[in-house]
Structure formats: structure tokens, C-alpha cells
Amino acid sequence: MTRAAKKELKNIIHEMSAKGYRRGYDWKGYEVYEPVYAKPMYIGGPLVIFVKGNKVWLAPHDEGEEYIHYSILKADEEERRAAGQT
């Protein structure tokens, strides 16, 4: 991630009143970041931030939802692999 992108990501996280962010799985050529809150937040659709080069943006609802489904499958796959159930 470029320095400019990191600064923009931090600005978005601050504007969202999140305490930080965590790296998600890369998806369709994007680095993906998810806001982290101090307590559970129920705010509507999934909030996912995409980064590619210097461009940083909040994913539209449909892409955010598509990414969340992908990340759930990816996490399940990693759990099975770790358990030796490939």
C-alpha cells in the first residue's frame, strides 16, 4: 500500500469512528480492509474498504456483500486446511 493510500485509509477509518482496521483477504486485485469497532456495530450493509494503488474507496453495498461471502468461504477453507481436512 502506498503512503498516500495508507493516509486515506486512516482518514476513512477515522470518519467511520472505528478504532482501527484489519486486513482482509485480497479480492479481485484489491487489498481489502475492514473497520474494527470497540463494540459491535449494527449499521446496515457490510463496510469494506478497497485499496488499489493510490485509490482508496468504501465498497458499494453489492460489492461489500459479495466480498463478505467470499471471505467467509475463504476462512472456512483455511480452517479445514489447518484441521487437515483439505
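Along the sequence shown, residues carry numbers from 1.
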Engineer: Does Met1 reach the side chain of Glu31, with side-chain heavy atoms less than 4.5 Å apart?
Structural biologist: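 Answer yes - side chains close enough.
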Engineer: Can you list everything that forms a side chain to side chain donor-acceptor pair (under 3.5 Å) with Arg22? Sequence neighbours excluded, please.
Structural biologist: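 In terms of side chain to side chain donor-acceptor pair (under 3.5 Å), with neighbours along the sequence ignored, Arg22 is linked to Glu34.
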Engineer: Between Lys28 and Glu66, does any NZ, NE, NH1 or NH2 come within less than 4.0 Å of an OD or OE carboxylate oxygen?
Structural biologist: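 A salt bridge is present here (some side-chain N lies under 4.0 Å from a carboxylate O).
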Engineer: Got Arg3 and Lys6 here, is their nearest side-chain heavy-atom distance under 4.5 Å?
Structural biologist: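 No - every pair of side-chain heavy atoms lies 4.5 Å or more apart.
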Engineer: Look up atom CG in Leu47 and atom NE2 in His61, then write down how far apart they are to the nearest 0.5 Å.
Structural biologist: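 Rounded to the nearest 0.5 Å, the CG-NE2 separation comes to 10.5 Å.
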Engineer: Quick one: are Ile68 and Val48 in side-chain contact, heavy atoms under 4.5 Å?
Structural biologist: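 Side-chain contact under 4.5 Å: yes.
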Engineer: How close do Pro35 and Ala18 get, heavy atom to heavy atom, and via which atoms?
Structural biologist: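 Smallest heavy-atom distance, with atoms named: CB-CB, 3.9 Å.
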Engineer: So Glu77 and Arg80, side-chain contact (heavy atoms from CB on, under 4.5 Å) or not? Walk me through it.
Structural biologist: CA-CA 5 Å; Glu77 179 183 302; Arg80 283 193 306 275; 4.0 Å; yes
Engineer: For the pair Tyr37 (side chain) and Met16 (backbone), establish whether a donor and an acceptor sit closer than 3.5 Å, ignoring hydrogens and angles.
Structural biologist: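 Present.
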Engineer: Would you say Ile12 and Tyr30 are hydrophobically clustered, going by side-chain heavy atoms of ILVMFWY under 4.5 Å?
Structural biologist: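 As far as the 4.5 Å side-chain criterion goes, Tyr30 and Ile12 are not connected within one cluster.
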Engineer: Taking side chain to side chain donor-acceptor pair (under 3.5 Å) as the test, write out the residues that go with Tyr25, two or more places apart.
Structural biologist: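 Partners of Tyr25 under the side chain to side chain donor-acceptor pair (under 3.5 Å) test: Glu78.
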Engineer: Before giving the answer on side-chain contact (heavy atoms from CB on, under 4.5 Å), spell out for Trp57 and Glu8 the whole-Å C-alpha distance, their side-chain angles and the decisive distance to 0.1 Å.
Structural biologist: CA-CA 9 Å; Trp57 69 100; Glu8 181 62 21; over 6 Å; no
Engineer: Same cluster or not: Val32 versus Tyr70, using hydrophobic residues (I, L, V, M, F, W, Y) connected whenever any side-chain heavy atoms lie under 4.5 Å apart?
Structural biologist: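 Yes, Val32 connects to Tyr70 through the hydrophobic network.
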Engineer: Decide whether Val51 and Leu58 are clustered together by the hydrophobic rule: side chain heavy atoms of Ile, Leu, Val, Met, Phe, Trp, Tyr closer than 4.5 Å, transitively.
Structural biologist: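 Same hydrophobic cluster.
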Engineer: Within the 4.5 Å heavy-atom criterion, are Glu65 and Asp62 side-chain neighbours or not?
Structural biologist: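 Result no, sub-4.5 Å side-chain heavy-atom pair not found.
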Engineer: Please round to the nearest 0.5 Å and tell me the distance separating atom CD1 of Ile49 and atom OH of Tyr67.
Structural biologist: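 Result: 11.5 Å between the selected atoms.
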Engineer: Roughly how far apart are Thr2 OG1 and Lys52 NZ, rounded to 0.5 Å?
Structural biologist: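 Going from OG1 on Thr2 over to NZ on Lys52, the span is 13.5 Å.
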Engineer: Taking the side chain as every heavy atom from C-beta outward, state whether Phe50 and Val56 have any pair of such atoms under 4.5 Å apart.
Structural biologist: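 Phe50 vs Val56: side chains apart.
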